[in-house]
There are 2 protein chains.
Amino acid sequence: MDIRTLCLGILTMGDATGYEIKKTFEDRLDLIFHASYGSIYPALNKLTEEGLVSCRELSQVKRPDKKIYSITASGRYQFIDAIMKRPAADRFRSEFLAVLMFAHLLPASKISELIDERISDRAQKIENLDNECDSKLTDREKFLCNFGRTIYQAEIDYLKDYRHLLESDALMDSRAAD
Amino acid sequence: MDIRTLCLGILTMGDATGYEIKKTFEDRLDLIFHASYGSIYPALNKLTEEGLVSCRELSQVKRPDKKIYSITASGRYQFIDAIMKRPAADRFRSEFLAVLMFAHLLPASKISELIDERISDRAQKIENLDNECDSKLTDREKFLCNFGRTIYQAEIDYLKDYRHLLESDALMDSRAAD
DNA sequence: TTGCATCTGTATCGAACTGATATATATTGG
DNA sequence: CCAATATATATCAGTTCGATACAGATGCAA
């Protein structure tokens, strides 16, 4: 599933401009999927060419025309087709964990700082989700929201419980270096 | 931190060929970071140009020469510099979760199947980590290995506990459609 | 023993995607 | 009153993926 397909999915929820689709990615899919203008606008052009979405232009004074996209019947079929297929594996990349892989090359204080920051970052993300969760309505959205909270909390708990493994490791190495 | 930098990091653990670096990504960084030949080989060329790694060629009979890369002193400094910087945010993309976002468009049976498969996939990943964890030695590696297990287990637990929210939702929608 | 899969090793290419940047104006809040 | 944020379009260079190509070695099962 590429961004083109997911734009189609967002349009099943109602007509939107490219700008609004970007916002939807940020507001409701932040946990799950990311997309930049550099992929959204070309995607919408291609979808239009292929007849999977239609586009009406709303001329505005002293601004670029607003282009409102709607999904077509054939677009809807194609989207259902796409989500019926087995989803590809998650893609995950964490610089934080990559750095920890080389913790022995850093001073112990740096490791502690890094973990402290990670914990407060995850806590912040949970707080954001808490706020969003209230206003969200469907069980489906609550499910995804709580999914995120659960995973973030599991990470915080793990870091708190086992950080000493890294911190003592680094400490020993730096002592050995003396 | 890009793949170029992480290749440098892998070379701090010992000399290696491009092929071996790829294997290291698969064997020891699978949880954390991914890289394909299409990024590794160009990265090594660029690192060589910049004098951050050196390369000696080992000619082999009826095979392309084996190129063994070593990190240089300046490469080592540059790598430490890179990991001292604040790590960028994780990048995460999950087609599985994206599909769940549109669960209301799928039959309830499909949702159940999807979740069943996800649970066994995560269980498999935990089993793989269990096996690897034994043979790994340093506290640092154990830390990362158990990190992965913990997160995967949290996901399984969550899915088991709350899948009914999605399954009943889908059921209601399909009844409503009748 | 033959044949098939997997391993070792190099490398490139098109397509996908990111992140920054450009261009304009309106609105909101401190 | 000014700065930040929001609305709205779009492109571009650089990064990365996934597939593919080539080619012999090695292992293993029928």
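Letters go in sequence order (proteins before strands), and every chain restarts at 1.
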Carefully, step by step, assess B/Arg86 and A/Glu117 under the rule salt bridge (Lys or Arg N to Asp or Glu O under 4.0 Å).
-> CA-CA 10 Å; B/Arg86 180 190 298 274; A/Glu117 281 172 12; 3.1 Å; yes
How far apart are the C-alpha atoms of A/Thr5 and A/Asp2, what are their side-chain angles, what is the distance that settles it, and do they pass the side chain to side chain donor-acceptor pair (under 3.5 Å) test?
-> CA-CA 5 Å; A/Thr5 307; A/Asp2 51 15; 2.7 Å; yes
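Toward the 5' end of DNA chain C, the nearer of the two residues B/Thr17 and B/Ser39, judged by each one's closest nucleotide, is B/Thr17. Comparing B/Gly18 and A/Ala35 against DNA chain C, the residue whose closest nucleotide sits nearer the 5' end is B/Gly18.
Distances shown here put a side-chain N or O of A/Lys67 below 4.0 Å from the OP1 or OP2 atom of D/dA10. The phosphate of D/dT7 (OP1 or OP2) has a side-chain N or O of A/Lys23 nearer than 4.0 angstrom. Within the structure, every side-chain polar atom (N or O) of B/Tyr37 is placed at least 4.0 Å from both OP1 and OP2 of C/dA11. The phosphate of C/dC17 has neither OP1 nor OP2 within less than 4.0 Å of any side-chain N or O from A/Ser36. Between B/Tyr19 and C/dT8 there is a side-chain polar atom (N or O) within less than 4.0 angstrom of OP1 or OP2.
Atom-to-atom, CG of A/Leu47 to P of C/dA16 comes out at 12 Å; the value is rounded to the nearest Å. When rounded to the nearest whole Å, the span between CG of B/Asp27 and C1' of C/dT8 equals 14 Å. The interatomic distance linking A/Lys66 (NZ) with C/dT23 (P) rounds to 23 Å, in whole Å. Remark: P of D/dA6 and CD of A/Glu20 are 14 Å apart, rounded to the nearest angstrom. Rounded to an integer number of Å, the gap from CG of A/Leu44 to P of D/dT11 is 12 Å. We find that CZ of A/Arg91 is positioned 8 Å from C1' of C/dC17, with the value rounded to whole Å. The nearest whole Å value for the distance from the NE2 atom in A/His34 to the P atom in D/dT15 is 21 Å. Here C/dA16 presents its C1' atom at 14 Å from CZ of A/Arg93, a figure rounded to the nearest Å.
When each of D/dA8, C/dT12, D/dT16 is scored by its nearest atom to the side-chain atoms of B/Tyr41, the top-ranked nucleotide is C/dT12. Checked against D/dA10, D/dT15, D/dC17, the side chain of B/Lys46 finds its nearest nucleotide in D/dT15.
Within the 3.5 Å criterion, the main-chain N or O of A/Leu52 finds a donor-acceptor partner in the side chain of A/Thr72.
In summary, the aromatic rings of A/Tyr158 and B/Phe147 are positioned with their centroids under 6.0 Å apart.
No donor-acceptor contact under 3.5 angstrom links the side chains of A/Glu127 and A/Asn131, judged on distance only.
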